[in-house]
Amino acid sequence: MKRTDYCGALRERDTGRTVTAAGWVQTKRDMGGVIFVDLRDREGILQVVFDARNLSPADFAVADRLKSESVIAVRGDIRIRGEETYNPKLETGTIELAAREIELLSRAETLPFSLEEGERVRESVRMKYRYLDIRRPQLQKNLRFRHRVVRAVEDFLDGAGFLQVETPMLTRSTPEGARDYLVPSRVHPGSFYALPQSPQIFKQLLMVGGVDRYYQIARCFRDEDLRADRQPEFTQVDMELSFVDQEDILQHLERLFKALFSQVLGVQMEEPFPRLTWRQAMDRYGTDKPDLRFGLPIVELSDLAAGCDFSVFARAVAAGGLVRGINLTGGASLTRSQIEELTRRALGYGAKGMAWIAVRPNGEINSILTKYFTAAQLDAILQRAGTRPGDLLLFCADSFATVCRTLGGLRLDLAQMLDLRREGDYRFCLVTDFPEFEWSQEEGRYLATHHPFTMPYPEDLPYLQSDPARVRAQAYDVVLNGVELGSGSIRIHQPEVQRQMFAALGFSPAEVEERFGFLVRAFSYGTPPHGGFAFGLDRLVMLMLGAPSLREVIAFPKNKDAICPLTEAPSPVDQGQLAELGLDALLRPGSRGEGARPAPQIDVEAVAELSKLHIAEGERASLAREMEGMIAFADALAQVDTEGVAITSHVVPLENVFRAGGPRPSTGREKLLQNAPEAQDGYLFVPSAVE
């Protein structure tokens, strides 16, 4: 039988038609001589009725033996259901397929988990059987939504005159930024390709080549620690434009995202996207990716606090630091435990403490700070912060970096605590004027904040050598709901400016030639002014759907340890493959000591489950390394020659002297945790004592 219609696409207008539907058996109900099956495909669910009076005995026997998730094809007639059996939850809820013939295409074994349980199944299990997880309607919806986003992006860029051009996946390693994934060359032993972190260099060369407007849905690779919104391989929407300035690109991006949200979500954004310089964003929100779905701006109070008698404030300002605060409207009603929790979080961000002033509804001030300020000083601070009766003012006094990190973090914590973010609220902003350089204590030199090809503002060019810290880059980010979607910049197209940039970064002429010689030569043959931008497609789709993780919008993602549970990649390879690549001497068994075995693959998720520990996301990689070290130590102990060494231990006969041997009912988790100082996700929460 050949399918004529999708299950979920049939409607009342198809009544009377003879159709063939195919899909997976979701549920089966045997009513004695009549069997009802919910048949599912990518478009939805259709009820199929197998009536023994309308089928051959052989076909009815096939229907009788059906198991969930088996694949079948059914031919029959579409008819209206009895009104009392309508299912308003289904688009096909008023019709059914009266089967006249069935073909079993594939019998399913019992599934390792129920698809109906969905998110309640452990993620590691769902990822191991991802091909089953994808059958769930939510994953199907996510993948279809992602497809619609890609189509909308491509349609917009095509209409704006962009050409889609592919760039190489095997390229040269340029060790600036994240670590590269390296690919050994068989033809050139000892040499390696790198998988692209982005098409950066090639898209600039396309501008040299006169392409003028380029885009690509590009696969990119970065070997870095993972989190919920980061994967080792990811997809960018990458673009580059010639003969433009920063304003041209910002307007283009605003048009693109507005069109995208209108077409895919039906969300109309009429107002211009707010714009902030990097410094404004840091001063007002403590971060260069501010969440504008709620207020709580940071207020500068250093000048008012400098003359007070509170030594913490005075010393911070005298040392060149800052005193800033956040005014929480209605925050005077926070409980003591809530304020203590905020204080713990402030300490976790690196602050030495958290001072506060609560103004009670009757105007009475509650704070230990009152004895350190005159009435005039206190009034000036409360007025500057906009503090009114019923409000709570939180302070941080420290260096610029610590104040930004602490108050920026507390601002997000308050939004979470007080549920200030609204579902379906999308707030974009554009952040510009990033620092061109950042100082690396580790390397003892300035590094490019973005990359070495970012054009400084013309008025800052004289300071490239004399004062790099004050140089601003023509770089810009697009931020959505506190998440950086992507970044871009105007590129350096003048060879002399590029030479000054390399000098400011401490690159010798030999290093420039080794790393970027081909690009510098290309720029010497006539380069148009150009700039570009790239944003994470996975991240955008995740935010538009409100999904908790990138893994929910990628068909076959890696887990938090950069492992694919489905294919078990990465994995050891055959010794012959290593020999062809000239790597066998380095990686053959025993090369790190006779009898050494391959490094173990630690399943941190499984260990956490077995030991009933909640492992924080940032601890997974370090925990895996520590466990690998333990296993390596055990291996080393096993290599110790104990032949002839006298046994120094003794065995005491075991005897159960503590309790009767019969089993007892286990104590419930809630009872075990009832006296815990704090519980989190069903675990005893132990706060970190040492960072």
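Here, residue 1 is the first one in the sequence, and each next residue gets the next number.
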Review point. Less than 4.0 Å between a side-chain N and a carboxylate O, is that true for R230 and E224?
Key: yes
Point to revise | Aromatic ring proximity Y193/H188, centre distance under 6.0 Å | key: no
Point to revise | R427 and D425 ion-paired at < 4.0 Å | key: yes
Exercise for review: Would you mind checking if E552 and K141 are paired as a salt bridge, meaning a charged N to carboxylate O distance below 4.0 Å?
Suggested key: no
**Study point:** Salt bridge flag under 4.0 Å for residues R79 and E12
**Key:** no
Review point. Are the charged groups of D59 and R100 less than 4.0 angstrom apart, N to O?
Key: no
Point to revise | Salt bridge flag under 4.0 Å for residues R17 and D5 | key: yes
Check your understanding: Is any NZ, NE, NH1 or NH2 atom of the basic residue among K289 and D477 found under 4.0 Å from an Asp or Glu carboxylate oxygen of the other?
Key -> no
Revision key, fill the gap. Smallest heavy-atom separation, K67 atom then V25 atom, equals O-CB, 3.8 Å
Practice item. Would you mind telling me which of Q164, E166, Q236 makes a side chain to side chain contact (heavy atoms under 4.5 Å, CB included) with I217? Key: Q164
Check your understanding: Of R126, R122, K128, which meets salt bridge (Lys or Arg N to Asp or Glu O under 4.0 Å) against D133?
Key -> R126
**Study point:** Salt-bridge criterion met for R222 and E233 (N-O under 4.0 Å)
**Key:** no
Exercise for review: Check whether the ring centres of F60 and F50 lie less than 6.0 Å apart, and answer yes or no.
Suggested key: no
Exercise for review: Applying side chain to side chain contact (heavy atoms under 4.5 Å, CB included), run through E96 and I78 and close with a yes or a no.
Suggested key: CA-CA 6 Å; E96 61 189 12; I78 298 296; over 6 Å; no
Study note, to complete from the structure: Residues passing the side-chain hydrogen bond (donor to acceptor under 3.5 Å, both in side chains) test with Q216, sequence neighbours excluded, are T167, Y214
Review point. In terms of side-chain geometry, is the basic nitrogen of D51 or R53 positioned less than 4.0 Å from the acidic oxygen of its partner?
Key: yes
Check your understanding: So, for L143 and V553, which heavy atoms are closest and what is the spacing to 0.1 Å?
Key -> CD2-O, 4.3 Å
Check your understanding: Under 6.0 Å between the ring centres of F257 and F273?
Key -> no
Review point. Would you say the ring centroid of F261 lies under 6.0 angstrom from that of F428?
Key: yes
**Study point:** Candidate list D538, N142, L537, test side chain to side chain contact (heavy atoms under 4.5 Å, CB included), partner I554, passing option
**Key:** D538
